[in-house]
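First the structure, in the form of structure tokens, and then the observations on it.
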Protein chains: 2
Amino acid sequence: MGRRSDHTPDELHDLLVSRGHEVMAERGFAKFSAREAARRAGYSVGTIYNVFGGLDGYLIAINSHTFRKWSACLQSALADETGDGDARIAALVRAYFAFADSNRNAWMAIYDHRIDRTNAVAKADETAREELTGIVDAEVTRWLGQPEDASTRRLVRSLIATVHGHCALWLTGSYALLQEEDPAGQALARVMEALAAQRS
Amino acid sequence: MGRRSDHTPDELHDLLVSRGHEVMAERGFAKFSAREAARRAGYSVGTIYNVFGGLDGYLIAINSHTFRKWSACLQSALADETGDGDARIAALVRAYFAFADSNRNAWMAIYDHRIDRTNAVAKADETAREELTGIVDAEVTRWLGQPEDASTRRLVRSLIATVHGHCALWLTGSYALLQEEDPAGQALARVMEALAAQRS
DNA sequence: TTTTTAATTGAACATCGTTTAATTGTATGG
DNA sequence: CCATACAATTAAACGATGTTCAATTAAAAA
């Protein structure tokens, strides 16, 4: 079969990402199948290699989609938050966990996929991933009440790593947090301690 | 071929774990092959299913082996440390990162493998994994200078998650810590802030 | 209408995990 | 010492995967 008019290139791209995201959410990274995703989209595997250049590119696109959904969640949580500085940080951390919890497989897939940086990541995907850092950046800068500088950015990354560690160990069921009933609360406590230490 | 006298059951178990660990270190979790490990041990795949009951059991055994090596590293680093309280915590965190760094694939495999808890984990493997928490537990208790209680244990798990987050994002090359040249230092800073906050 | 272009496929290949019947070394009992 | 029972080990088979590529064919260009 040759060129079809079922979908424009953009539509096809989005359709494949959508179905891929669906399969990822259902099965998780370990049991993900590009063939199955293509099947659900009504195409064959080869099309994925045409559109995304390979499995890696496809997985990057799928995970970037998750990133965009995640960012939107965080933005929305912040928009709904009416409280002061501390409350905004709390809302951010809670929303971080809430998204991961209700999108377990897709969220974990982000970190399960090891990107080979020899293959350049598409610009759109790069920015999708940077956006999340930007959100935290803005919020931490706001809390600290001083203009963003290099040390702020460094702190932000460390805080993200802190929250990530709690969330990852929680969702993977690593027993380190097995008996912890509020991992988000613990993560938030560590974040607030770190923020307080910067101010003094 | 039937029963062979090449190795005792224990020897065979250890041989397979050793070769499996070797393959894991070389290829990483995503490209791990039980067939290849068996090949290197001079056996066929089926033997792995006999000895470990299945691929999951095999991976658990391999990762538990990594855990034991890791614990030994931390113990040794603490034994070599002659300094005071803060220095011991620093040595612990640095050793944590050092092991992960020089055993990247094997270390990441620990968290790449999602354990299905319906299949009971062997007792020996369970304790191999608990030992690491125990080491941190003892060290944090020592630093705090008060008997270990429930809240200490809770804090310990949170601190492990904090360090884990930094280490994981660093080794996976995640964007958040891409430009950070001393992730261990950042993790340590967060840990010390958290510890200090407990004392006040 | 004809020609060119490029999207899409199907088939082929190597590999993987998993299961199972068939082997064949080892131990046991007479 | 031989025959039998046992259990470790394997080979082969199965379905599924990722990956590549020549062949096909629909759409665009001429």
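Since the structure is predicted, the reported quantities are computational estimates derived from the model, not experimental observations.
- Taking side-chain N and O atoms only, A:R4 has a distance below 4.0 Å to OP1 or OP2 of C:dT9.
- In this structure, the CG atom of A:L12 is 14 Å from the C1' atom of C:dT9, given to the nearest Å.
- You'll find that the side chain of B:T47 is closest to D:dT9, out of D:dT9, D:dA27, D:dT19.
- Between A:K123 and A:E126 there is no salt bridge, since none of the side-chain N atoms of the basic residue sits less than 4.0 Å from a carboxylate O of the acidic one.
- Within the 4.0 angstrom heavy-atom criterion, no nucleotide atom of any strand lies near A:Y58.
- Within 4.0 Å of A:G53, counting heavy atoms only, lies no atom of the nucleic acid at all.
- Across all strands, B:S44 comes closer than 4.0 Å to base atoms (heavy-atom distances).
- Comparing D:dT17, D:dA27, C:dT26 against the side chain of B:S5 picks out C:dT26 as the nearest.
- A:E131 CD to A:Q75 CD: the interatomic distance, rounded to the nearest 0.5 Å, is 6.0 Å.
- A straight line from CG of B:N50 to P of C:dT23 spans 18 Å, rounded to a whole angstrom.
- Between B:E181 and A:R154 there is a salt bridge, since a side-chain N of the basic residue sits under 4.0 Å from a carboxylate O of the acidic one.
- A:H7 has its NE2 atom 10 Å from the P atom of C:dT8, to the nearest Å.
- Between A:E81 and A:R94 there is no salt bridge, since no side-chain nitrogen of the basic residue lies less than 4.0 Å from a carboxylate oxygen of the acidic one.
- Nucleic acid contact class of A:R35 (heavy atoms, under 4.0 Å, all strands): base.
- Checked by atom type and distance alone, the side chain of B:H166 pairs as donor or acceptor with a backbone atom of B:T162 at under 3.5 Å.
- For B:R39, whose side chain is taken as the heavy atoms from C-beta onward, the closest listed nucleotide among C:dC16, C:dG17, C:dT26 is C:dC16.
- Between the C1' atom of C:dA14 and the CG atom of A:L55 lies a distance of 16 Å, rounded to the nearest Å.
- Going from atom OH of B:Y49 over to atom P of D:dT9 covers 17 Å, rounded to whole Å.
- Map B:G46 and A:V51 each onto its nearest nucleotide of DNA chain C; the residue landing nearer the 5' end is A:V51.
- Atom-to-atom, CZ of B:F52 to C1' of C:dG17 comes out at 16 Å; the value is rounded to the nearest Å.
- Within the nucleic acid shown, A:Y43 comes within 4.0 Å of sugar-phosphate atoms alone, with no base atom in reach, counting heavy atoms only.
- With rounding to whole Å, B:D56 atom CG is found 7 Å from C:dT18 atom P.
- Counting to the nearest Å, the P atom of C:dT15 and the CZ atom of B:F32 are 17 Å from each other.
- Residue contacts shown for A:L59 are absent, as no nucleic acid heavy atom lies under 4.0 Å away.
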